[in-house]
Amino acid sequence: MRLGYACMNTTLGTKSRTCRLANATPERVAELARENLADARRMAQWNAEHGIGLLRLTSGMVPFGGLPVSGDWREALAEDFAATGDVFRETGMRVSTHPGQYVVLNSPKAHVVEAAIKDLEYHADFLEAMGVNGDMVIHLGGAYGEKEAALDRFVETALALPEKVRRRLVLENDDVTWNAVEVLEAARRTRLPMVFDPFHDSILASGSLTPHQALARALATWPEDRIPKIHYSDQAPGKVEGTHADLVDAEAFHAFRSLARGLRDFDVMVEAKHKELAVLPLLAALQEARAEA
DNA sequence: GGAAGTCAAGTCTCG
DNA sequence: CGAGACTTGACTTCC
């Protein structure tokens, strides 16, 4: 079991640099992307030194990378991306992306779906440029008051996506619309693997499946030669339900691990506001448990 | 230099 | 009907 965090490292003070669309030029975008890539390499090195094996990459790696205004960054930054991919390989880092809320593959609006596909291709392109098979984790989208049709649309669109996107795409249960049972159904029909998020599951229950059953089935969606992954987070006290906490409770995490005993090995992406600071205590407990075993 | 306002995009819920 | 939640606050303007 490897652990990781999303996009930025508070200890290193890394950032995701961007600019306003109005100010974007190919030169400016390339400059920002180079700095973002340098931060990604710093995080990978830091992670390796601290026993962290997962890193989610910011979708803002290339600002407006899915739009023409970003220019031909695939060519201009080929070497920078390749060098960054080398660092990921050297450090054994499993990288991923989580394309944002605007990627809605099942929208009834054609232009929304088109933009979503463009954005997924952008993510796939930069992973390709790094020479890595990073996961691209997405949600199913909206319900539009007609869930069955919305799911049908998702499946149809997902099946037709370019191969470079499909081989990286992973589906996740969310906390407002698509529960674990529904995402398992989508995973089966699209032949894509699923990331199980127990925090979302605790808010939007799967109904017919216990968390343990949902976890087991989600792990089973991954082919033998790929290590499954889950997301893990806690509720922020006093905030709107679904808001990620600064850290995660180590004891609850330990209990969750017990729940997973006997299942196949998987990695854990920790989603917490304090990023790597939430991972380190879990890692310490994990190493302790391993030493005892 | 710091505070406030703004930023590509979609969808949903809450107050 | 606006704000806030989600990938991740960061950039720009104004004082």
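Numbered from 1 within each chain, the chains take letters A, B, ... in sequence-line order. Note that the structure is predicted; figures quoted are calculated from it, not measured.
- Using a 4.0 Å cut-off, no side-chain N or O of A:Asn23 falls inside it from OP1 or OP2 of C:dC11.
- Using a 4.0 Å heavy-atom distance criterion, A:Glu271 is classed as a sugar-phosphate-only contact.
- Counting non-hydrogen atoms under 4.0 angstrom, A:Ala115 reaches nothing in the nucleic acid.
- Of the side-chain N and O atoms in A:Lys15, none sit less than 4.0 angstrom from OP1 or OP2 of C:dT8.
- Protein atom CZ of A:Phe64 is 20 Å distant from nucleotide atom P of C:dT7, rounded to whole Å.
- If you check every strand for non-hydrogen atoms under 4.0 Å, A:Ser107 touches sugar and phosphate atoms only.
- As judged by a 4.0 angstrom heavy-atom cut-off over every strand, A:Thr18 is placed among residues touching the sugar-phosphate backbone only.
- Nucleic acid contact for A:Lys118: none, since no nucleic acid atom lies under 4.0 Å from a heavy atom of the residue.
- Residue A:His254 qualifies as open at atom NE2: its count of foreign heavy atoms under 6.0 Å is 12 or below.
- Annotation: C:dA5 and B:dA9 have their C1' atoms spaced 16 Å apart (nearest Å).
- Look at A:His244 and you won't find any side-chain N or O under 4.0 angstrom from OP1 or OP2 of C:dA5.
- Between C:dT8, B:dT11, B:dA8, one nucleotide has an atom nearer to the side chain of A:Arg20 than all others, and that is B:dA8.
- Distances shown here put a side-chain N or O of A:Lys109 below 4.0 Å from the OP1 or OP2 atom of B:dT11.
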task = Quick one: do A:Arg56 and A:Met269 satisfy side-chain contact (heavy atoms from CB on, under 4.5 Å)? Show the steps, please.
result = CA-CA 8 Å; A:Arg56 180 185 298 167; A:Met269 173 57 65; 3.4 Å; yes

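- Here the nucleotide nearest the side chain of A:Leu21, chosen from C:dT7, B:dT11, B:dA8, is B:dA8.
- Between the C1' atoms of B:dG5 and C:dA3, the separation comes to 15 Å (whole Å).
- One atom, NZ of A:Lys147, and another, C1' of B:dT11, lie 13 Å apart when rounded to the nearest Å.
- Nucleic acid contact for A:Gly60: base, since at least one base atom lies under 4.0 Å from a heavy atom of the residue.
- A distance of about 15 Å separates the P atoms of B:dA4 and C:dG4, rounded to the whole Å.
- Taking atom NE2 of residue A:His123 and atom P of nucleotide C:dT8, one finds them 12 Å apart after rounding to whole Å.
- Spacing between atom CG of A:Leu67 and atom P of B:dA9 amounts to 11 Å, rounded to whole angstrom units.
- Listed nucleotides: C:dA10, B:dT13, C:dT7. Nearest to the side chain of A:His139: C:dT7.
- For B:dT6 and C:dG2, the P atoms lie 15 Å apart once the distance is rounded to whole Å.
- Proximity note for A:Tyr144 (side chain, C-beta onward) versus C:dT7, B:dT11, C:dG9: the nearest is B:dT11.
- Nucleotides C:dT7 and B:dC7, compared at atom P, are 23 Å apart to the nearest Å.
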request  = For the pair A:His98 and A:His123, evaluate ring-ring contact (aromatic ring centres under 6.0 Å, His included) and give the outcome as yes or no after the intermediate values.
outcome  = CA-CA 9 Å; A:His98 197 349; A:His123 283 84; 9.5 Å; no

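- Taking a 6.0 Å sphere around CD of A:Glu35, one finds it holds more than 12 heavy atoms contributed by other residues, nucleotides or ligands.
- With rounding to whole Å, A:Asp175 atom CG is found 8 Å from C:dT7 atom P.
- Aromatic ring centroids of A:Phe199 and A:Tyr232 lie 6.0 Å or more apart.
- Heavy atoms of A:Thr243 sit under 4.0 angstrom from primed sugar atoms or phosphate atoms, though from no base atom.
- Across the strands present, C:dC11 finds its partner in B:dG5; the criterion is a Watson-Crick or G-U wobble pair with both atom distances under 3.5 angstrom.
- The six-membered or imidazole ring of A:Tyr122 lies near that of A:Trp73, with a centre-to-centre distance under 6.0 Å.
- If you take atom P in C:dT13 and the same atom in B:dA8, they sit 12 Å apart, rounded to whole Å.
- Per the geometry, CD belonging to A:Glu241 stands 12 Å off C1' belonging to B:dC14, to the nearest Å.
- One interatomic measurement links the two molecules: CG of A:Leu204 to P of B:dT11, which rounds to 18 Å at whole-angstrom precision.
- Side-chain proximity of A:Arg56 to the nucleotides C:dG9, B:dT11, C:dT7 is greatest for C:dT7.
- Applying the 3.5 Å distance criterion, the base of C:dT7 shares a donor-acceptor pair with the side chain of A:Gln101.
- Within a 6.0 Å radius of CD in A:Glu49, more than 12 heavy atoms belonging to other residues, nucleotides or ligands are found.
- Rounded to a whole angstrom, the distance from the P atom of C:dT8 to that of C:dT12 is 22 Å.
- Taking side-chain N and O atoms only, A:Lys273 has no distance below 4.0 Å to OP1 or OP2 of C:dA5.
- Here B:dT11 presents its P atom at 12 Å from CG of A:Leu105, a figure rounded to the nearest Å.
- For C:dT12, the glycosidic angle deviates from 0 by more than 90°, giving an anti base.
- Residue A:Ala143 is classed as a sugar-phosphate contact, given heavy-atom separations below 4.0 Å to backbone atoms only.
- Residue ring and base: A:Tyr102 does not count as stacked with B:dG10 (centre distance below 5.5 Å and interplanar angle below 30° not both satisfied).
- In this structure, A:Glu163 places its CD atom where more than 12 heavy-atom neighbours from other residues, nucleotides or ligands lie under 6.0 Å away.
- Distances from the side chain of A:Ser59 to the nucleotides B:dT13, B:dT6, C:dT8 place C:dT8 closest.
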